[in-house]
Amino acid sequence: MSSEAEGDLTRKQRREQARTERKAAEQAAAASVARRKRMTQLGGAVAVVIVAIVAILIATSGGSSKTKAPPFKNTAQEKPVTEAVAAVKEELDGIPQSGNVLGKATAPVTLAYFGDLECPICKEFTEGALPSVIKNDVRSGKLRIEYRNLETATREPETFRNQQSAALAAGKQNKGWYYIELFYHLQGAESSGYVTEKYLQGLAEATPGLNLAKWTSDRADQSFQAKLATDAQEANNAGLSGTPAFLIGKTGSATKKLEYTSLKDPSSFEEAVAKLAKA
Amino acid sequence: MSARTVRIVLIVTAVLGVGLASYLTYIHYAGIKPLCGRNGGSCEFVQTSQYSDLAGVPVALLGLIGYVLILGSLLAPDEERFRFATAALVLGGFAFSAYLTYREVFTLEAICEYCVSSAVLLTVMLPLSLWRFLRGGDTGGSAAPVAGPPADQPAALASPT
């Protein structure tokens with residue numbers, strides 16, 4: 001009797017044990033399926049994320065590997081830097097530069113362009129009449145343009161020295177005109193304080209082909225102060241007080257003040273160049 | 001660390017992320033300079049760089065949307081689909097943050113403390129959210145509020161009584 005009871009208990013226990021084992025196996029199998037499902041879901045998410053990041057990288061790297069994407073934008077003007085760089089490259093590429101002189105050294109006529117990089121009227125000229133003058137007279141070898149510094153619009157003399165020296169430092173690598181033109185193209189609102197160290201550095205980084213390390217060390221060049229003083233003295237001697245102002249003459253000869261009718265229409269400039277080139 | 005603790009840590013980091021992204025979104029639209037540490041202009045430089053928006057949408061706003069979605073998925077019932085949503089969103093945020101860090105270090109060569117903070121938050125959140133998702137729930141997908149019982153209690157096995 002007792003052994004029967006013992007046998008029944010063992011059978012019951014065995015049944016319970018088998019049930020428990022079956023349940024555990026089922027749970028393990030279900031967990032395994034769930035784990036595989038989660039890994040698949042996660043794999044899908046990883047793939048989507050990778051595709052999205054690659055797309056963003058391609059989209060934000062720009063089409064050209066030659067031109068490094070400029071690292072800043074001019075929020076004051078909302079003009080994309082890439083657009084300005086492209087315009088300046090199209091205007092200047094292929095034209096010889098030496099210091100802050102644009103054009104061939106053998107050009108028969110020289111135009112001295114007195115400007116302040118923060119001067120909005122200079123911007124008007126730089127984006128108005130100047131491209132045509134460069135295209136028709138500088139590119140053809142008739143004219144060379146020397147950029148001269150004259151403080152007018154910039155309120156702080158220290159800022160003026162700093163910004164003009166930044167352009168002069170680019171000129172030491174014969175990239176001065178890229179820097180000057182980019183400055184004017186991306187110019188912010190007058191007296192808004194947009195000319196920060198980062199702005200100047202951003203322009204340098206956007207300047208095609210500029211060696212940034214050399215530009216940075218060149219900015220401390222003591223001769224720039226003398227150059228700024230000489231330009232100001234020359235403007236004073238010629239009776240120039242505002243910017244932009246121009247002196248024109250045969251290369252190596254005396255210059256006289258160029259009177260213009262419009263800063264957007266290149267005809268005054270082109271006529272003066274043609275007249276001097278023929279003489 | 002229990003699943004409940006992990007969830008709480010994730011919620012706290014997501015709330016910090018929402019705060020951070022809200023501040024950056026605010027200064028973006030208000031046009032004011034970010035309060036930066038000793039690096040001075042680096043933050044402003046990065047925040048106004050051409051990489052500060054994506055297809056016209058400020059990165060700060062994208063971050064805010066991302067953190068809000070992550071927080072929403074964490075506050076939702078503790079179900080498989082929401083755990084997956086958290087993991088997927090954190091994964092996307094982490095990858096985007098890695099891309100932005102790459103731009104800071106290699107393209108802009110300037111570091112923004114706020115961006116680094118966000119990257120740190122997402123780096124903390126990534127392993128936690130992945131562990132939480134891969135581990136699965138033991139409650140059969142039922143809701144388990146944060147203040148409720150821990151979700152990692154082992155399921156009661158039938159005892160051989």
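To find a chain, count down the sequence lines: A is the first, B the second, and so on, and within it residues start at 1. Remember, predicted model here, so these are calculated numbers, not experimental data. All values below come from the heavy atoms of this structure, side chains included, with hydrogens, waters and symmetry mates left out.
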* Using a cut-off of 6.0 Å, state whether more than 12 heavy atoms not belonging to A:E156 lie near its atom CD. => no

* To do: Could you list which of residues 30-41 of chain A have a heavy atom closer than 4.5 Å to any heavy atom of chain B, in residue-number order?
  => A:R38, A:M39, A:Q41

* Asked: Should we say atom NZ of A:K264 is surrounded by more than 12 heavy atoms from elsewhere, each under 6.0 Å from it?
  -> no

* **Proximity of residues 86-94 of chain B to chain A, residues having a non-hydrogen atom under 4.5 angstrom** => B:A87, B:A88, B:L91, B:G92

* Heavy-atom proximity to chain A below 4.5 Å, by part of B:F96 -> both

* To do: Tell me, for B:Y99 versus chain A, whether the close heavy atoms (under 4.5 Å) come from the side chain, the backbone, both or neither.
  => side chain

* Asked: If you measure from CG on B:L134 to CG on A:L42, what distance do you get to the nearest 0.5 Å?
  -> 5.5 Å

* To do: Look at atom CD1 of A:I53 and say whether more than 12 heavy atoms of other residues, nucleotides or ligands are closer to it than 6.0 Å.
  => yes

* In terms of heavy-atom contacts, does CD of A:E90 have more than 12 from other residues, nucleotides or ligands at under 6.0 Å? -> no

* To do: Could you look at A:V46 and say if it's the side chain, the backbone, both or neither that has a heavy atom under 4.5 Å from chain B?
  => both

